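In what follows, residues are counted from 1 in the order of the sequence shown. None of the values given here were measured: they were computed from a predicted structure.
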Amino acid sequence: MRIKKVSITSILALILGFAMIIGIISNLLRPFDIKATCLVLIGCLTIWYLKPLYLKWDASLSEKTVTRIITLIFIAIMIVQLLVLRFLPTSVYHDPFRVLVQAEQLSHGNLSWNDSLYFWRFPNNVSLTVLLSYWLKLMNFLHMDTYWGIHLLSFILLDIFIFAILRSVRRLSHQYGAALLAAMFFLVSPFAYTYYLQVFYSDLPTLLCLAIVFNVLIGWSSFNRTKKIVTGIGLVLSVIVGEVVKPNLIVLLVAVSLVGIWLLIKNRQQLKMIKMPLILIVLGFVLAVPTAAGLKSAGHFKNNNEYAFPTAHWIWMSYNPRTTGRYSFSDVQTLSSIQGKQAKQEYLKKALPERLEQLGPRGIIKRWFVKASILLNVSFMPNAYSGGFIAAPKLYQKFELQLSAIGMIVMRIGFTLLYAETFFRCLRLWKRRFQSTDDPRIMLTILTALGYLAFHTLLWETESRYGQVMIPLLGILCSIPSLALESERRIRQRTKREGWFTLGAIVVALAAFVTAPTLYSARGHYVAEQQSQLSLQFDAKKTKIHPYDTLSQQVKLNHTARHFDVSLNPAAEFSGVLINEQTHQHYELKRTYNALTLKRTLPEGMYRIQLRNDLQRSQSVLITKTMSYRLAPYPLEIDQHKYPYWSFVYTFSRAK
């Protein structure tokens, strides 16, 4: 009996399709809220049912009309982005803020890395920091402050990414509908206005790098000699920057190597088609090694093994039985208590096997499913590394909870449909497993996506934002005409049976929506806040306050608040009051372990946070300082002296 030859690409597609099912279920159900799930389901069903009508309308459009529509959408996106940056600045915290502060410091000629242990503990962000400092130097030369300088960079990179995605989808699909849908998603979803715009970090450069790489890879055979030279240089530079900024881009090198070896053995003719871009990608990774070393040297950074964490700690952290595979602060504290990198490595050699044994085979497999569901979920991505808006306008705060919930639902609908479309494309590849030949570009796209899935599911800790790197990869798979579904190849109206099924499902979902508990919750939404800090866990430098000195800072509340706190060192002894500047009423603050707090209804208006050193000796207080990055609308004052780029770490929230 002759065994039929199965396409390796179809096998890879089947695995990716299974992962997409996990992503669909995760976005439908997480975070668990019956009303939100019902709205996501209704949105997906409605779009599915109306798809033939949309395709019919799309077919009637001319290329010129589509170009105009996409251009108008793109302009609208940029206008909204500028309005967000102007009126809705967000409080950036954790890793991106530490990178920002150090880059700003380097850009002003201060080459010290001693203000925090962060970079000694996690040196993987040194290259990103040095590159960002060069950009900020340029902004300093143009007399632009750090806030607008860093957000201009995010604005440029994000819109180049959106443009690259729209261009590749339109070029590949040969259909206007796919590009228009992608443009509409970027316009109405939070994707273009939240994390990637307001928080500059390594994820956005990685997204752009992959978008450029696969755009070049897919279009290479159609380029003329001049265009190949230009795009080839851009390809190498993109890989260099992507790898030094985010080392897990090495997944792409592994995928390129596997595809190259496979084609060398099975189909050398196809290898010739993409040999040069593959070589250029490998060259980019090779050059990334001396580039990273050069950036560290240029930034005068030196490793310190007394504080450095071994790479294996990320794997150990991801299998903590008490967590879901995400970053674990308790694990970081445990390793921090062990002196020296070598001692930490010896500890992990015993601790990691113990965790795996504690989980057992069933627990490990369950952990993989949980991590994959987190990786592919987009509900929490818009809030990554953001504590919320510093002081949103009154009109916005009136509708903030509803807008936030709607934005989350739109993101979930968009990615559920993207995963569903990818699943059906993968299923189509599997059905053609005996007939189709392996297209190296499709194989590389799927293999790279699987590489990222495997990396964060089997090895590394996981977060929702890590899964976003697959957007350009899945977008390409959903645009390739040869993988198109029958409904896209010919416009067919939904049958009566399909119509009744859709209507019935929507009615059931609406009934569940009406009877379910409220969708909107005020918990965790801030009225005004400033949470940026270098963190005591990284031994952030504190500010000495002389005996009987007073510190104060104005804050404007555009909405009623019910809880206030201002961070304080655990050992510091300061008295504190919150003053209503309209009524001149003073509220005494209550001391907790690491903050001064107040729980009571605070009406809209101007307030002043005031702390005083009541001791006869100097005390240290945690104050966030930058050089030209405005942390809050009003400056910090120390004995009548104003510091416009200094601030308390404080929050005013709606919840008690």
Side-chain angles (χ1 to χ4, degrees), residues 7-10 12-13 16 63 67 160-161 163-176 178-179 182 207-240 242 249 251-286 422 425-426 428-429 432 435-451 470-484 488-489:
S7 161
I8 188 67
T9 305
S10 65
L12 297 173
L16 181 61
E63 184 175 355
T67 301
I160 290 175
F161 169 73
F163 175 80
I165 290 295
L166 295 179
R167 184 174 182 276
S168 62
V169 168
R170 186 174 180 179
R171 184 178 65 183
L172 279 172
S173 65
H174 304 298
Q175 285 185 331
Y176 304 139
L207 271 176
L208 183 56
C209 168
L210 285 174
I212 292 172
V213 166
F214 282 90
N215 259 293
V216 172
L217 190 69
I218 289 170
W220 184 263
S221 58
S222 63
F223 297 162
N224 57 36
R225 187 173 182 274
T226 303
K227 196 169 184 179
K228 283 183 177 179
I229 293 172
V230 173
T231 55
I233 294 171
L235 179 60
V236 174
L237 291 175
S238 295
V239 173
I240 292 173
L249 189 68
V251 165
L252 175 61
L253 178 61
V254 174
V256 165
S257 302
L258 291 175
V259 170
I261 293 170
W262 175 263
L263 293 177
L264 188 64
I265 296 171
K266 295 291 184 178
N267 196 333
R268 296 191 179 186
Q269 191 64 35
Q270 283 194 326
L271 179 60
K272 288 181 180 179
M273 293 170 51
I274 60 168
K275 179 177 68 175
M276 186 50 66
L278 293 185
I279 291 172
L280 292 174
I281 291 171
V282 174
L283 177 62
F285 280 103
V286 171
T422 304
R425 300 278 176 137
C426 290
R428 186 175 183 83
L429 271 170
R432 296 183 344 204
Q435 295 85 25
S436 63
T437 56
D438 293 310
D439 185 323
R441 296 167 299 181
I442 297 177
M443 186 193 299
L444 181 61
T445 304
I446 295 175
L447 198 56
T448 305
L450 287 175
M470 289 189 291
I471 291 174
L473 307 174
L474 302 185
I476 286 170
L477 288 176
C478 292
S479 302
I480 296 174
S482 61
L483 303 182
E488 294 174 350
R489 293 173 178 274

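Between Gly475 and Val169, the closest heavy-atom pair is O-CG2, 4.3 Å. Residues Leu16 and Cys426 come closest through the heavy atom pair CD2-SG, 3.9 Å. The shortest heavy-atom contact between Ile274 and Pro440 is CD1-CB, 3.4 Å. Shown here for Met470 and Ala449, the closest heavy-atom pair between the two residues is SD-O, 3.6 Å. Taking every heavy atom of both residues into account, Val216 and Phe223 meet most closely at O-CE1, 3.9 Å. Closest approach of Pro472 and Leu207 over heavy atoms only: CD-CD2, 3.7 Å.
Distance CZ/Arg425 to CD1/Ile446: 11.5 Å, rounded to 0.5 Å. With values rounded to the nearest 0.5 angstrom, Leu271 atom CG is found 10.5 Å from Met273 atom CE. In this structure, the separation between CG on Leu278 and NZ on Lys275 is 10.5 Å, given to the nearest 0.5 Å. We find the OG1-CG distance between Thr445 and Leu474 to be 10.0 Å, quoted to the nearest 0.5 Å. Atom OG of Ser479 is separated from atom CG of Leu172 by 5.5 Å, given to the nearest 0.5 angstrom. Rounded to the nearest 0.5 angstrom, Ile240 CD1 and Leu235 CG are separated by 10.0 Å.
Using a 4.5 Å cut-off on side-chain heavy atoms (C-beta onward), Phe214 and Thr448 make contact. Using a 4.5 Å cut-off on side-chain heavy atoms (C-beta onward), Cys209 and Leu249 make contact.
With sequence neighbours excluded, the residues forming a side chain to side chain contact (heavy atoms under 4.5 Å, CB included) with Ile8 are Ile11, Trp262, Asp438, Met443, listed by chain and number.
Of the options Val282, Leu258, Ile281, a side-chain contact (heavy atoms from CB on, under 4.5 Å) to Leu253 is made by Val282 and by none of the others.
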*asked:* Quick one, Val256 with Phe285, criterion side chain to side chain contact (heavy atoms under 4.5 Å, CB included). Give me CA distance, side-chain angles, the key distance, then yes/no.
replied: CA-CA 11 Å; Val256 165; Phe285 280 103; 5.9 Å; no
*asked:* Checking Arg170 against Thr67 for the side chain to side chain contact (heavy atoms under 4.5 Å, CB included) test, could you report, in this order, the C-alpha distance in whole Å, the side-chain angles of both residues, the deciding distance, and whether it holds?
replied: CA-CA 10 Å; Arg170 186 174 180 179; Thr67 301; 2.9 Å; yes
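Sorted by first and then second residue, the salt bridge (Lys or Arg N to Asp or Glu O under 4.0 Å) pairs involving residues 441-450 (not counting sequence neighbours) are Asp439-Arg441. Within the structure, every pair that satisfies the side-chain hydrogen bond (donor to acceptor under 3.5 Å, both in side chains) test and touches residues 213-224, not counting sequence neighbours, is listed here: Arg171-Asn215.
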